[in-house]
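First comes the structure, then the notes that go with it.
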Amino acid sequence: MMLFGGDYNPEQWIDDKNVLDEDIRRFHEMGINTVSVNIFSWSFLEPEEGRYDFSFLSSLLDRLYEEGISVNLATPSGARPKWLSDKYPEVLRVREDRTKMIFGERHNHCYTSPVYREKVRLIDEALSKEFGHHKAVIAWHISNEYGGECHCPLCQEAFHRWLEGRYDSISDLNRKWNNAFWSHIYDSFDSIDSPSSIGESKNPALSLEWKRFVTHQTVDFMNEEIKAVRKYSDLPVTTNMMYDYLGLDYQAFSDSLDFISWDNYPAWGTGFDGDDVLVAADNAMEHDYYRAMKDKPFILMESCPEATNWQPLSHLKRHGVMEAASLEAVAHGSDGVLFFQMRHGRGGYEKFHGALLDSSGCETRTIREARTLGNKLTALKDVIGTVNKPVAGIIRDTESRWAMEGSAGPRNKGLHYRDNLRRVYLGLRSSGLDADVIGPEHDFSAYRILVVPMLYMFRAGLAERLESFTADGGILVVTHWSGVVDEYDSIYPGKTPYGLSEVLGLRRAEIDALQDGAENVTIPVAGNGLGLRKNYTCSVLSEIPEVYSAEPILLYGNDFYKGLPVVTEHDYKKGRSYYIASMMEEDFYHDLFSSLIEKNGIEPIAKALPRGVFASERIGNGKRYIFLQNFSGNDVLLSSSLLNGKRIIGDGDILKPYDTFVFER
């Protein structure tokens with residue numbers, strides 16, 4: 001079944017059985033088949049140390065099973081009971097300024113603390129023994145939105161030992177971190193403090209390694225939880241990740257999980273100055289990032305059916321937006337649509353957060369739209385387990401972004417990395433292609449087009465793999481500020497982008513940072529190899545390349561580098577490379593990839609799509625499932641070629657705003 005439901009926290013109404021009865025009746029009306037429970041229930045499960053009370057959870061799971069509703073059962077480590085921090089203060093986090101925190105909020109605990117790990121292990125094992133084979137439970141939901149860091153003495157010691165395992169000696173570390181600068185030579189691993197506003201905050205290598213350590217320690221903590229639940233159960237495990245979260249490198253989590261899930265809260269109607277085309281593209285790009293982690297379907301674990309209370313504006317979703325956003329997740333590889341939350345809370349921080357049910361008991365617009373969505377998800381049952389097989393890949397690396405945004409220069413008012421990434425992605429999607437958003441370690445062999453946007457850090461071996469991809473016939477597109485440093489944030493000697501000068505036929509000579517709002521203009525070279533004829537604007541950063549054998553496509557139109565190449569093309573062995581030396585306007589990327597598709601005989605999912613209409617494809621069981629979605633805000637009349645195939649969802653030939661058509665071919 002296509003999972004449909006979301007987070008359910010009935011312990012808020014533990015004394016009112018009528019609420020549960022009413023909720024289940026409404027669940028059936030909407031077609032709800034799955035809920036996630038126990039996410040923040042530790043205080044109920046272990047009201048005092050060592051005394052477990054699973055009676056309410058047991059009766060809840062029994063009732064849900066009787067009603068045909070499946071359960072993702074969470075471990076409760078995201079928010080611990082008050083008695084635990086009162087009795088064992090070592091579990092409380094220490095901030096970067098070395099201030100010890102007090103009880104409150106969520107994830108305010110130390111992932112290194114032996115006490116906290118032991119208490120989590122004990123309750124996780126108890127839950128596994130009691131419910132690991134319960135007929136209602138289909139998966140383990142490990143904790144909730146892991147995040148944050150601790151700078152306590154326990155974490156400092158763990159950081160020292162972790163560094164010892166990464167470097168041959170303290171001299172090796174000093175050399176790779178360039179610690180001769182500012183006379184910051186360390187004489188032992190134990191003398192290194194984590195980055196702090198009251199200490200060392202301007203050593204890029206230290207900051208980078210600390211972020212890596214935080215990811216390592218969090219993954220290690222998660223793996224201990226997984227080990228605990230697997231003591232008595234072999235159910236699949238997942239953990240819910242977050243949108244564009246830079247506190248952790250989520251790529252490091254994927255190997256430990258059976259399937260990927262993430263929580264999605266786009267600002268429909270308010271984000272990107274109200275341009276929902278950009279909201280949709282940004283959203284889809286994140287789906288493709290999580291799907292590509294394991295190259296198989298993921299689960300949309302949380303989304304909001306109404307207004308999200310913690311965003312700047314609690315903006316209600318307009319008619320059709322909840323369905324469009326949900327089906328966009330399915331189009332990009334999700335085998336489920338789950339919400340936070342199932343029922344409005346009566347109190348607490350998220351009491352005004354959207355939910356499928358309110359406390360009135362009345363029929364609402366949200367319930368009606370959820371019922372319609374449930375019917376459409378049922379119609380898509382044959383899509384379950386099918387996969388997306390894009391011919392294009394975009395490399396996105398959290399570690400590279402940490403290093404790039406943690407450096408001083410070339411632009412300290414913002415490098416606009418996400419904006420540049422989104423423009424590249426939107427260019428591919430508007431040209432009719434799906435894309436995988438992948439880490440640098442991913443296998444490149446499945447792609448015809450590989451894009452490397454602002455990949456500041458080239459880790460060992462990456463340049464060689466990019467060269468091989470191009471030499472074997474691939475189409476490589478590299479943008480500005482790529483291949484600058486190694487994995488320790490040290491500048492590569494010699495020509496940059498590192499290792500790609502022969503592949504690209506040029507080197508980076510200089511880079512210019514433009515003021516906010518400032519733009520340059522580009523001029524097409526007559527008869528250029530891509531057939532581009534427009535003038536485009538570029539902004540933010542502008543590199544000045546020294547060209548060896550590359551052919552100019554576009555030239556700068558202004559400033560002292562007027563007439564020098566900004567976009568180039570270069571034949572390399574069996575393949576071809578392109579270099580983009582500045583952040584170009586949106587239309588350029590559409591025209592670029594449309595030209596590459598035509599020039600190289602690549603078949604798009606759909607041709608001639610207007611702005612804001614996106615095509616996606618899932619493949620399996622000998623069939624192709626084509627999703628057409630309209631985020632433009634206008635009615636779109638579709639051509640007969642786009643309407644080819646057995647219709648699963650949608651009627652007519654007009655795709656209305658936020659509508660979805662699905663075809664089986």
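We're numbering straight along the sequence, starting at 1.
- Here Tyr265 pairs with Trp310, His353 under the ring-ring contact (aromatic ring centres under 6.0 Å, His included) rule; sequence neighbours left out.
- Annotation: side chain to side chain donor-acceptor pair (under 3.5 Å) contacts of Asp659 (sequence neighbours excluded): none.
- Not counting sequence neighbours, Thr218 has no partner by the side chain to side chain donor-acceptor pair (under 3.5 Å) test.
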Pair Phe298, His287 - check ring pair (Phe, Tyr, Trp, His ring centres under 6.0 Å), show working. CA-CA 9 Å; Phe298 65 95; His287 288 316; 5.6 Å; yes
Is there a ring pair (Phe, Tyr, Trp, His ring centres under 6.0 Å) between Tyr250 and Phe253 once you walk through the steps? CA-CA 5 Å; Tyr250 279 147; Phe253 286 68; 5.6 Å; yes
Between His109 and Tyr111, is the ring pair (Phe, Tyr, Trp, His ring centres under 6.0 Å) condition met? List the steps. CA-CA 6 Å; His109 40 255; Tyr111 290 136; 5.7 Å; yes
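- Take Glu328 and apply the side chain to side chain donor-acceptor pair (under 3.5 Å) test, not counting sequence neighbours, and it matches Asn283.
- Ring orientation note: the planes of Trp210 and Phe159 are nearly perpendicular, at an angle over 60° on the 30°/60° scale.
- Partners of His416 under the ring-ring contact (aromatic ring centres under 6.0 Å, His included) rule, at least two apart in sequence or in another chain, do not exist in this structure.
- Pairs passing the ring-ring contact (aromatic ring centres under 6.0 Å, His included) check and including a residue from residues 453-486, sequence neighbours excluded, read Tyr456-Trp481.
- Side-chain atoms of Thr470 come within 3.5 Å of backbone N or O of Leu466 as a donor-acceptor pair.
- A salt bridge is defined here as a Lys NZ or Arg NE, NH1 or NH2 lying under 4.0 Å from an Asp or Glu carboxylate O, and Asp255 with Lys294 fails to meet this definition.
- For Arg647 and Phe661, the positive end sits near the middle of the six-membered ring, less than 6.0 Å away and at most 45° from its axis.
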After noting the C-alpha distance and the side-chain angles of His590 and Ser430, does the key distance pass the side chain to side chain donor-acceptor pair (under 3.5 Å) rule? CA-CA 6 Å; His590 168 81; Ser430 65; 3.0 Å; yes
